[in-house]
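Read the structure below first, then the notes.
These figures come from a predicted structure and were not determined experimentally. First listed ligand is number 1; within each ligand, the first listed atom is number 1.
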Amino acid sequence: MTGVIDSSRLPELLRAMPKAELHMHIEGSLEPELIFEMARRNAVSLNYPTVEALRDAYVFDDLQNFLDIYHVGTKVLKTEQDFYEMTGAYLARARTDNVLHAEIFIDTQTHINHGQSAETVINGLYRACSEAPTRYGMTASLILCFLRNLSEREAFECLEQALPLRDKIVGIGLASGEIGNPPEKFTRVFARARELGFRLVAHAGEEAPPAYIWGALDALKVERIDHGVQATQDSALMQRLVRDRVPLTVCPLSNIKLKVFPSLARHNLRQMLDAGIVATINSDDPAYFGGYINENFSQTFAALAMDSRHAYQLARNSFEVSFLDAGTKRRYVDQLDAVFEQFAAPN
Ligand code: HPA
Ligand code: ZN
């Protein structure tokens, strides 16, 4: 990479640079307008009179409080076309932020509990992802997340239901209410997913202590940690993450909305990057947390006075720790390098 690019051009650089998004829940991209439209066409009644009233309810005390409202939005999704349209809307929006690759979380258990089949859900999402190269000029793949508040048996059932759709899913993850649902609860089902050849990730250390990150690494044997921001409380864990180059998919605006940090200025992303952690920036649930990926980049960089070297590192990490093949990663990193060279060149 070239030297530091002038800070006056940093906001433009953050928007223009190619990036991958590796931590976003597709249901968390449902904007209130789309929730209302789908509620109307599927005859689902919402307890909010207007789009504005629903958006005004997006104020949260913690993760559980958010998950309760998020769950209301998931009830409007009924048909394969709904899942397809939701995913298409996210991909189109992400591409405007120069996201060239997205790995999308889906919790099929939520929708199966609402009466949809795994096929309806996965086929709708997969159709949008498979059209992404031609429609949007990007790539996208799917990670199926178990809901950790449900039982191990239900996670096994979820995995079983997904097996006929095996080729449409790249990985398995773990989401939902963290505290009281440690990774060890899912050791056996993650071992089974690993045998089946799935790539593995898990939310850990979003709200819960560093022990949950140790558990995700040692019991679940995941390749990436989603969030992981509580790691800075444990120096042995920090050493492990740096030594083994364990990627963290960090979601700064989510952490502020869910009160994990009191403000962006107090976020530990810069501290972690400067300590050698392989971090990335992501939006988590962009319709709920006040911004898509570029908004996460621009607000975090301003709050933590980060520079173009951090930007390059974050964008490069996002491609390198993705589940893409080596050739596609190289092609995207070349595109990233070309943008940085263009910004470094004298005008
Ligand atoms: N954390 C855990 N589970 C989730 C989240 C999150 O931020 N968003 C959607 N499911
Ligand atoms: Zn998440």
Contact check: Ser254 vs ligand 1, nitrogen or oxygen atoms, below 3.5 angstrom = no
salt_bridge(Asp82, Arg41) N-O dist < 4.0 Å = yes
inquiry  = Counting only heavy atoms closer than 4.0 Å, does ligand 1 sit against the backbone of Asp107, its side chain, both, or neither?
reply    = neither
request  = Return the number of protein N, O or S atoms with a distance to the Zn ion (ligand 2) smaller than 2.8 Å.
outcome  = 4
query = On the ring face of Tyr136, is Arg93 found with NZ or CZ under 6.0 Å from the centre and within 45° of the axis?
reply = no
query = For ligand 1, which atoms sit closer than 4.0 Å to a heavy atom of Phe66?
reply = 8 (N), 9 (C)
ask   = Can you check whether Tyr48 and Phe36 have ring centres sitting under 6.0 Å from each other?
value = no
query = For ligand 1, which atoms have a heavy atom of His227 less than 4.0 angstrom away?
reply = 7 (O)
inquiry  = Within the 4.0 Å heavy-atom shell around Leu67, which atoms of ligand 1 are there?
reply    = 4 (C), 10 (N)
query = His23 and side-chain hydrogen bond (donor to acceptor under 3.5 Å, both in side chains): which partner among Arg224, Glu103, His203?
reply = His203
query = Taking the side chain from Lys329 and the backbone from Glu320, do they hold a donor-acceptor pair closer than 3.5 Å?
reply = yes
ask   = So, do Phe186 and Phe190 have ring centers that fall under 6.0 Å from each other?
value = no
inquiry  = Side chain, backbone, both or neither: which applies to Glu206 and ligand 1 if a contact is any heavy-atom pair less than 4.0 Å apart?
reply    = side chain
ask   = Rounded to the nearest 0.5 Å, how far apart are OH of Tyr212 and CD of Gln230?
value = 11.5 Å
Tyr84 side chain to Asn123 side chain, donor-acceptor N/O pair below 3.5 angstrom = no
ask   = Is the shortest distance from a Lys or Arg side-chain nitrogen in Arg55 or Glu33 to a carboxylate oxygen in the other one below 4.0 Å?
value = yes
note = for atom 3 (N) of ligand 1, nearest protein heavy atom and its distance come out as Ser176 N, 2.8 Å
query = Using 30° and 60° as the class limits, which term best fits the ring planes of His267 and Phe261: parallel, tilted or perpendicular?
reply = tilted
inquiry  = Among all the protein's non-hydrogen atoms, which is closest to atom 7 (O) of ligand 1, and how far away is it?
reply    = Asp284 OD2, 2.7 Å
task = Output the list of atoms in ligand 1 that are nearer than 4.0 Å to some heavy atom of Tyr70, sorted by atom number.
result = 9 (C)
request  = Write out the residue and atom name of the closest protein heavy atom to atom 8 (N) of ligand 1, then the distance separating them to 0.1 Å.
outcome  = Asp285 OD2, 2.7 Å
task = Would you mind checking which non-hydrogen protein atom is closest to atom 4 (C) of ligand 1, with the distance to 0.1 Å?
result = His25 CE1, 3.6 Å
task = Give a yes/no verdict on a cation-pi contact between Lys19 and Phe297, requiring under 6.0 Å between NZ or CZ and the six-membered ring centre and an angle within 45° of the axis.
result = yes
